[in-house]
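Report on the structure given below.
Counting starts at 1 for both ligands and their atoms, following the listed order.
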Amino acid sequence: MTMSNLEQTLSIIKPDAVERNLENEIKEMFKTNGFKILKEKKIQIEKSEAEKFYKVHETKPFYNDLCDYLSSGPIVVMVLEKENSVLGNRELMGATNPKDAEEGTIRKKYGISIDKNSVHGSDSVENAKIEIDFFFKD
Ligand code: UDP
Ligand code: MG
């Protein structure tokens, strides 16, 4: 018997994609692939908030640029729901570097470079909960 495993994950349409008006096309890709968009909002965050969101990367050489970038323009944050959505979203997004992303993935289709790679997705169920709370806890 197959057990149901309905999960929620956090997705972000990053500034490079919002700027190019790709919001609707990317949302369609989620819906076509069976994800429900439970919550969504378009916001712009402060650099200090980006630093908190990406704290796991604080020792990396790209951390400062990454936080400047995520706070550089409007983003769309969404809670996606589907069976096994954390892994499923990572698969649909494709590799971090769009050059390495599989055909048919969001990053292959829309990503410009490793830093401007159009979307964020939670990397584990545990982090999905933390990231959903980060943006949607009142
Ligand atoms: N990033 C970057 N340079 C790198 C690695 C990552 O600019 O060498 C950026 C990139 O935008 C990536 C984000 O930092 O999406 C977070 O990195 P992570 O390794 O968590 O990749 P992701 O989970 O987004 O695939
Ligand atoms: Mg990550």
For Tyr110 and Val119, what are the C-alpha separation, side-chain angles and deciding distance, and is it a side-chain contact (heavy atoms from CB on, under 4.5 Å)? CA-CA 9 Å; Tyr110 301 119; Val119 281; over 6 Å; no

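- Using a 4.5 Å cut-off on side-chain heavy atoms (C-beta onward), Pro15 and Ile75 make contact.
- The closest approach between a heavy atom of Lys60 and any atom of ligand 1 is not below 4.0 Å.
- Residues passing the side chain to side chain donor-acceptor pair (under 3.5 Å) test with Ser113 are Asp115, sequence neighbours excluded.
- Protein heavy atom closest to atom 25 (O) of ligand 1, with residue, atom name and distance, is Thr96 OG1, 2.5 Å.
- Relative to atom 14 (O) of ligand 1, the option among Leu66, Val56, Asp16 with the closest non-hydrogen atom is Leu66.
- Considering only non-hydrogen atoms, atom 24 (O) of ligand 1 lies nearest to Arg107 out of Met93, Arg90, His120, Arg107.
- Under a 4.0 Å criterion applied to the non-hydrogen atoms of Asn117, ligand 1 contributes the atoms 10 (C), 11 (O), 12 (C), 15 (O).
- Seen from the ring of Tyr54, Lys60 does not count as a face-on cation partner, given the 6.0 Å and 45° thresholds.
- Asn117 places a side-chain N or O within donor-acceptor distance of the main-chain N or O of Ile114, the cut-off being under 3.5 Å.
- Of all the listed residues (Asn97, Asp65, Asp115, Ile114), Ile114 holds the heavy atom that lies closest to atom 10 (C) of ligand 1.
- Evaluation of the side chain to side chain donor-acceptor pair (under 3.5 Å) rule for Glu40 yields Lys27 as partners, not counting sequence neighbours.
- Under 4.0 Å from ligand 1, the heavy atoms of Lys14 that appear belong solely to its side chain.
- The protein non-hydrogen atom at the shortest distance from atom 20 (O) of ligand 1 is His57 NE2, 2.9 Å.
- The protein heavy atom nearest to atom 4 (C) of ligand 1 is Phe62 CD2, 3.4 Å.
- More than 12 non-hydrogen atoms from other residues, nucleotides or ligands lie less than 6.0 angstrom from CD of Gln44.
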